[in-house]
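Written below as structure tokens is the structure these notes are about.
These figures come from a predicted structure and were not determined experimentally. In what follows, every chain begins at residue 1, and chains take the letters A, B, ... in the order their sequences are listed. Reckoned from all heavy atoms, side chains included, excluding hydrogens, waters and symmetry mates.
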Amino acid sequence: MTQSVVVQVGQCGNQIGCCFWDLALREHAAVNQKGIYDEAISSFFRNVDTRVVGDGGSISKGKICSLKARAVLIDMEEGVVNEILQGPLRDVFDMNQLITDISGSGNNWAVGHKVFGSLYQDQLLEKLRKSAEHCDCLQCFFIIHSMGGGTGSGLGTFLLKMLEDEFPEVYRFVTSIYPSCEDDVITSPYNSILAMKELNEHADCVLPIDNQSLFDIISKIDLMVNSGKLGTTVKPKSLVTSSSGALKKCHKKPFDAMNNIVANLLLNLTSSARFEGSLNMDLNEISMNLVPFPQLHYLVSSLTPLYTLADVNIPPRRLDQMFSDAFSKDHQLLQADPKHSLYLACALMVRGNVQISDLRRNIERLKPSLQFVSWNQEGWKTSLCSIPPVGHSHSLLALANNTCVKPTFMELKERFMRLYKKKAHLHHYLQVEGMEESCFTEAVSSLSALIQEYNQLDATKNVPVQDLPRLSIAV
Amino acid sequence: MSIVTVQLGQCGNQIGFEVFDALLRDSHSFQGLCSKRENEAYQTSCKERFFSEEESGVPIARAVLVDMEPKVINQTLSKAAQSGRWKYGQHACFCQKQGSGNNWAYGYSVHGPRHEESIMNLIQKEVEKCDSFSGFFIIMSMAGGTGSGLGAFVTQNLQDQYPNSLKMNQIIWPYGTGEVIVQNYNSVLTLSHLYRSSDALLVHENDAVHKICAKLMNIKQISFSDINQVLAHQLGSVFQPTYSAESSFHYRRNPLGDLMEHLVPHPEFKMLSVRNIPHMSEDSLAYSTFTWAGLLKHLRQMLISNAKMEEGIDWQVRPPLSGLPPLGKMSLSKDLHFNTSIANLVILRGKDVQSADVEGFKDPALYTSWLEPVHAFNVWKTQRAFSKYEKSAVLVSNSQFLVKPLDMIVKKAWNMFASKAYIHQYTKCGIEEEDFLDSFTLLEQVIASYCNL
């Protein structure tokens, strides 16, 4: 079994990370009743004897002593990380695995990437190496950050290049929160596009998510709960939408519910690698199957049924409904409509009491309404994990490599151009050492090239599929 | 003589478990509708073939379990131990921490060489335990990374290290609509490599077995264990002991050798498939009776019309009338009408088996012209019934059964290859475009050869 390390960068990254660790602990507590430190837990947690001072405290088997998250927390302001360290999760984090500063990046990618990048390069490397050493077999780095700010965006992407150089064999899965249209950070288009160039070049796989979609999903859940039609009772043990099993429906912090969705995404993504099932899917299979060409590694995700993301006990609707919902545009974690765009590949990761015949039946049912690229007409990757999410009987995570990401990128580019044409706020960036206008032009052309790739694929959309002439053999 | 089984990857290990379980259950839990002495001879023969004995008396499967990540092997070992009736050897597994990622190239070029010594040592130990060794039975899937890539590598190694031993590969063909996106690439690479190094490829298609579960067994929510159990039943009915000749007094000693001798007369034609009859849920079985005539008539028509199971057989298909020129090259674009065979083996088990009339299978019209039916067709009859079936028949056939599915896989792989999609994942592990082209060429050759029968 392999291990993964979570690197959470910036305010957004750390807040989501915090939700993730909370949910991960709950999930493992529910599955692992006997408190034995097993391989599933070791994928995200170390078992440490806290009485031992210094580094020698790791225990690899036997009863759980104290779990430490395999995480590195990075932020250039102290507020968020301090809050985490004073909160209920403080014992889960290793004090040595933090990097903080005081002044913050000022929503400036250049500050995050160039200034803090070079300032903290050695420390970053040291912490990352340490976390890798604690792993028996490190398979993947999960980077969580936002694109619109300064630290997550700038320093987060600086890390990517470092990880690629230092750990070339280890996968880099990036969960990126893209800025919505009404984002209140004016320079978010600059930050995002500069970051995207790094994502294009150094990430193995990117899961783009935007706040608007998360917000819409939360509203839908609230609607389901408040409508009372489905008879709700608060579940004491399910993965909660607020971080302290409270019975109240209002959330303690504004982004809590939304962050929990992303946390659920990461848990479900790794469930088939951690837990047993009749058709396992490891993390390296995600990249192998869903990335047909190195640059096209952006995957749109959807989690269904929605109520698995909520604290409520809604009687399960038909299984098939779960599959249908996974393809509707209202359930995607990005503003995108995969059903009306072109699929390059699609993965369905099912948890719980679902068998291969249910999976097949639904694929057959939904296939006619979806458009797949001509060379991958049967582009499905499936997995079945026996362990359902806590408190529910089944769930589905769909990952789509689909041209529906194009509008998001195009829109981002437009917002960028509106600012850039007027040179608005540009001086904040250019005054940073190492930044030049060419950084901007290169970033935009990198994005334009990517959009062009998607355009070319879209052009093949309605062309009838023709079989290519085969090799002819002299008999 | 004993058979050593090598189980590779998730699929191979999950199926391997079901096979051993089915074999032992049949041999020990059923009386077999024959005399006690007969039954005991059967049990001894089955045991010698597939199990070795330990001091505790619990039979140990003659198997080596290989997987590149630990979850499935752990599950398989504990399921076997829990059954109480048999188990796997304590040191019979090889396991790593990180899987092959559905990447044939990774299984073949990275895991293979890296772990060659350890895996071959394990196999060597198992072979040494056999008093007399018949050959290898390798269970793997084609769609994934370990079963397919590492499986191909191991088979090649077995050919080098044991050139005089036989190897039969049990290959699982994935569902047509995707279990793994790169399954067609993995399949093409696997089949072409195995064609060079294996002696026979026994193929099972997930789609076909799924239909059996749905239509014949009436299972509502079909799981992979259901599918694997059907598979195990089919394999059990082929590999359990049989008599060597019409009126013989002991069980065949060399199952693999006999199978190969009868079914693979020419190295260009190695693909075998299995059809069995009857197959139904236990509830239905209690209310059914069979005659050999009925069973054999259906089995023959299944062969001729390329049916995957006993339901939905197309009775319109007939062999060409003898004396007339053959129907000409089989065309892939039209529906296959008549399935020409190279060689067939029918194994009959159960009550009154000596009275079963297999003349219908000896019709020369069923076969290609270059073998006399007397060489092309064989039948093995055994009094002892299999599992709960009073009468059961299984057909192992080297015929055009698999041409269409193979052609489909090659077609899809070729279309994807033309766009170069996913190729970078293979080249970074050392499998180049030329390797793909070589594989395509070999398989097109195989398809053409089978079509021209």
**OP:** Compare every heavy atom of B:K71 with every heavy atom of A:N280, then report the nearest pair and how far apart it is.
**Re:** ND2-CE, 3.6 Å
Original post:
Do you know the tightest heavy-atom contact between A:N289 and B:V182?
Top reply: OD1-N, 3.5 Å
Subject >> Other residues, nucleotides, ligands: >12 heavy atoms within 6.0 Å of A:E364 CD >> reply: yes
Subject >> 4.5 Å side-chain heavy-atom contact, A:Q377 and B:K412 >> reply: no
Original post:
For B:K79, does the NZ atom sit with more than 12 other heavy atoms under 6.0 Å from it, leaving out its own atoms?
Top reply: yes
Original post:
Do you know the tightest heavy-atom contact between B:I222 and A:I356?
Top reply: O-CG2, 3.1 Å
Original post:
How far does SG of A:C137 sit from CD of B:Q98, to the nearest 0.5 angstrom?
Top reply: 4.5 Å
**OP:** Taking B:W414 for its side chain and A:P469 for its backbone only, find out whether a donor-acceptor pair lies under 3.5 Å.
**Re:** yes
Original post:
Heavy-atom distance under 4.5 Å to chain A: side chain of B:Y426, backbone, both or neither?
Top reply: side chain
Subject >> Heavy-atom donor-acceptor pair, B:Y422 side chain to A:V291 backbone, under 3.5 Å >> reply: no
**OP:** Taking only Lys NZ, Arg NE, NH1 and NH2, and the carboxylate oxygens of Asp or Glu, determine whether B:K220 and A:D358 approach each other closer than 4.0 Å.
**Re:** no
Subject >> Close side-chain approach of A:W380 to B:Q183, heavy-atom, < 4.5 Å >> reply: no
Original post:
Going through the checks in order, is the side chain to side chain contact (heavy atoms under 4.5 Å, CB included) test met by B:W104 and A:M288?
Top reply: CA-CA 11 Å; B:W104 192 93; A:M288 176 73 187; over 6 Å; no
**OP:** Tell me, for A:L348 versus chain B, whether the close heavy atoms (under 4.5 Å) come from the side chain, the backbone, both or neither.
**Re:** neither
Original post:
Backbone N or O of A:T2 within a donor-acceptor pair of the B:E69 side chain at under 3.5 Å?
Top reply: no
Original post:
Can you find a heavy atom in the side chain of A:P292 that is under 4.5 Å from one in the side chain of B:M416?
Top reply: no
**OP:** Examine whether an atom of A:L344 lies under 4.5 Å from a heavy atom of chain B, and if so say whether it belongs to the side chain, the backbone or both; otherwise answer neither.
**Re:** backbone
Subject >> Distance in Å, A:M1 CE paired with B:C95 SG, rounded so as to fall on 0.5 Å steps >> reply: 10.0 Å
Subject >> Under 3.5 Å: donor-acceptor pair, side chain of B:N415, backbone of A:L468 >> reply: yes
**OP:** Would you tell me whether A:S278 and B:Q14 have side-chain atoms, one donor and one acceptor, within less than 3.5 Å of each other?
**Re:** no
Original post:
Which value, rounded to the nearest 0.5 Å, describes the distance between A:L138 atom CG and B:K97 atom NZ?
Top reply: 12.0 Å
Original post:
Just by distance, do the side chain of A:R360 and the backbone of B:Y175 share a donor-acceptor pair under 3.5 Å?
Top reply: no
**OP:** Using distance alone, with no hydrogens and no angle criterion, decide if A:K381 and B:N102 have a side-chain donor and acceptor under 3.5 Å apart.
**Re:** yes
Subject >> Interface residue of largest heavy-atom contact number with chain B, from A:Q139, A:E39, A:E285, under 4.5 Å >> reply: A:E285
**OP:** Verify the distance criterion only: is there a donor paired with an acceptor across the side chains of A:E276 and B:Q75 at less than 3.5 Å?
**Re:** yes
**OP:** Working to the nearest 0.5 Å, report the span between CG of B:L442 and CG of A:L471.
**Re:** 11.5 Å
Original post:
Non-hydrogen atoms of chain A under 4.5 Å away: do they reach the side chain of B:T441, the backbone, both or neither?
Top reply: both
Original post:
Which value, rounded to the nearest 0.5 Å, describes the distance between B:E179 atom CD and A:I363 atom CD1?
Top reply: 9.0 Å
**OP:** Mind checking the CZ-CD1 spacing from A:F372 to B:I181? Nearest 0.5 Å is all I need.
**Re:** 7.5 Å
Subject >> Backbone N/O of B:G101 and side chain of A:D282: donor-acceptor pair under 3.5 Å >> reply: no
**OP:** Return the minimal non-hydrogen interatomic distance between B:G176 and A:E378, and the atom names on each side.
**Re:** O-CG, 3.6 Å
Subject >> Proximal component of A:S383, with respect to chain B [non-hydrogen, under 4.5 Å] >> reply: neither
Original post:
Is there a side-chain contact between A:R470 and B:E444 (heavy atoms, below 4.5 Å)?
Top reply: yes
**OP:** Specify the closest pair of heavy atoms between A:N284 and B:G99, including all atoms of both residues, with the distance to one decimal.
**Re:** ND2-O, 3.3 Å
